[in-house]
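Reminder, nothing fancy here: chain letters follow the sequence lines and each chain counts from 1.
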Amino acid sequence: MVDDSTLDKMLYLSRLQVSRDERSAIAGNMSEIIDYFAILSKYDTSGVTGGPGEAVPAGELREDAVREGLAQRDLKGLSPHFLDGYFSVPRVLDEG
Amino acid sequence: MITELSLSELRGGLRRGELTSAEIVSAFRDAYLADAKKEEPLGAYVEFFDDSVALAERADEARRAGEADAPLLGLPIAVKDNILVKGRALTCASRMLRGFTAPYSSTVIDRLLAAGMIPLGRTNMDEFAMGSSCEYSCYGPARNPADRTRTPGGSSGGSAAAVAGGLAPVALGSETGGSVRLPASFCGLYGLKPSYGSLSRYGLVAFGSSLDQIGLLGRSPEDLAVVFAAAAGRDPRDETSAATDFPAARAVLDGAELPARDFRGLKIAVPREFVPEGLEAEVSAVFDRFVRWARSRGAFVEIIDLPILEASVAIYYILAAAEASSNLARYDGVRYGLRAKEAGTLFEMYERTRSEGFGEEVRRRILIGNFVLSSGYYDAYYKKAQAVRALLLREVARVLAEHELILSPTAPTPAFKLGSKVRDPLAMYLSDVYTTFANLALLPSLSLPAGLSREGLPIGVQLTGRRFAEETLLSCAETWRREGGGG
């Protein structure tokens, strides 16, 4: 079910790479799991609306006030690439 | 021995002046250090905090100075490695988060620290809480104290191994589909998955946001009640948290005993789908014994049909994977922990970082999540799963309108051997066959130690209640414990 082009598309969407050796095992596992999901077709869901989420009652809004955010010194711990108040990244423009 | 005492017993010892916090924390640290030297250590902790004894000494000073008004002052707790403690490392047992330090504490941790608790260390887990055996950890697996060749369950396997192995009196875990109850069952502990909304999710690393909930592992229902009471309540930082009051649990925190529930007249439903003909004989025997006990105490235990439960694992793995693929998109090499070296462009950096940082199971779930969300498959999988989840909610609510509890085994087997399912993801997923419905239906659910297999492996039984009926579950478990069932 998960053929080469589907796997490539999912890898792209997931921003993941896999080695050539891993491809067939990954596609096989995915296919087996997705086949298992077919059990859901047994259940008639026509006319079912809504999910488990509860709407936040109207009017229950947070106070529109400025709150203190995280301190820069604490943000430094997120990544070793946090320098001078910024996250450094590789070149973004001119990627072709 | 200190390490064999429950949290409530340690609390009593502190209050009476028979123990100091430093003695308690040192005992757990020494037990951890001794275990780490063994040939097959439990692997329960990924870090034991060096300053825990110093924090305990500070708590002792406060107590001596008469400043002991914090209800859990000086009592230790182990913390799963996906719950933020400000200033401490956190990795979710993933290479992706090596080098990450928590910039703030989760609300649950803030409240437990305010109650005086001392975090002992970070416990091992399946990477990003995705797994049922604690084997998908970048640190290697945690082991089951009852048999070290077996899994302690997952994903909160390190938390369960720590408590069952005498390395912590109580621990925080987290649940998305059974990650506290399964380890509780495998390790012979009490494990509580609170209702969705009972505990704030702020500072719990997100996996499946419509399902995630911090949970508790301990040696007695009372231990769970005190920690739950200290941590529960509305949090403005989590819009899904609820302002529910838990007066009985709060009373336990204030020093009262946890009341045992009188089973006379208690209506309990056992879904036929959860006690199939092929259920493993030893699990079946332990479960039947529990049912006989409940009936002997006056409960009405009725076998009911709830066929939608057969869909729960499929619904769960579609929705949890979809939510995970979205939640884990943030790990791009820019803002958190790992960044792949030698990436020329930004896109290459994303791909290489994520491919190097995430382990096999996490990558698989991200791929499945993107599959069920992608154009052409969305309606057939994601939307369908949402609709069947809505049906499941309705059907389970119908049962709980008539019955106070849903009773089932916690897991289809006792703890399995390490390595036996790690190459078969679908078999691993089916370990959660009895647990996921409670997460999907937002309900509280508790696993209690109900007996042992012939090999001495713990087997759990699961009580699931109405939303926010955590106190009912704890009180029913307390009845079982007092009558020697847990022991």
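- Proximity to chain A (any heavy atom under 4.5 Å) is restricted, for B:Leu430, to the side chain, taken from C-beta onward.
- At a 4.5 Å heavy-atom cutoff, the contact between A:Leu70 and chain B is made by side-chain atoms alone.
- Centroid-to-centroid, the aromatic rings of B:Tyr104 and B:Tyr202 come within less than 6.0 Å.
- Not less than 6.0 angstrom separates the ring centroid of A:Tyr36 from the ring centroid of B:Tyr317.
- Contacts between A:Ile39 and chain B at a heavy-atom distance below 4.5 Å involve the side chain alone, from C-beta outward.
- In this structure, B:Tyr136 has its ring center no closer than 6.0 Å to that of B:Phe358.
- When heavy atoms are compared at a cutoff of 4.5 Å, B:Leu97 does not approach chain A at all.
- For a residue to count as touching a neighbouring chain, one of its non-hydrogen atoms must lie under 4.5 Å from one of that chain's; by this rule A:Lys42 touches chain B with the side chain only.
- For A:Arg73, the CZ atom counts as loosely surrounded, since its 6.0 Å shell holds 12 or fewer non-hydrogen atoms of other residues, nucleotides or ligands.
- Taking the six-membered ring wherever Trp is involved, the centroid distance between the rings of B:Tyr331 and B:Tyr336 falls below 6.0 Å.
- Of the listed residues (B:Asp424, B:Thr240, B:Leu391, B:Ile315), the one with the most heavy-atom contacts under 4.5 Å to chain A is B:Leu391.
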Inset, instruction - Carefully, step by step, assess A:Thr6 and A:Asp3 under the rule side chain to side chain donor-acceptor pair (under 3.5 Å). - result: CA-CA 5 Å; A:Thr6 308; A:Asp3 57 20; 2.5 Å; yes
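- The most heavy-atom pairs under 4.5 Å with chain A, out of B:Leu373, B:Asp332, B:Leu338, B:Ile368, come from B:Ile368.
- For chain B, the nearby parts of A:Ile34 are the backbone and the side chain; heavy atoms of each come within less than 4.5 Å.
- Contact count versus chain A (heavy atoms, under 4.5 Å) is highest, among B:Arg352, B:Arg335, B:Met349, for B:Arg335.
- Residue A:Phe37 touches chain B through both its backbone and its side chain, counting heavy-atom pairs closer than 4.5 Å.
- When the candidates B:Ala380, B:Ala314, B:Ala89 are compared by the number of heavy-atom contacts under 4.5 Å with chain A, B:Ala314 comes out ahead.
- Each of B:Thr353, B:Val313, B:Thr101 has some count of heavy-atom pairs under 4.5 Å with chain A, and the biggest count is that of B:Thr101.
- Between B:Glu323 and B:Ser210, some side-chain heavy-atom pair lies under the 4.5 Å cut-off.
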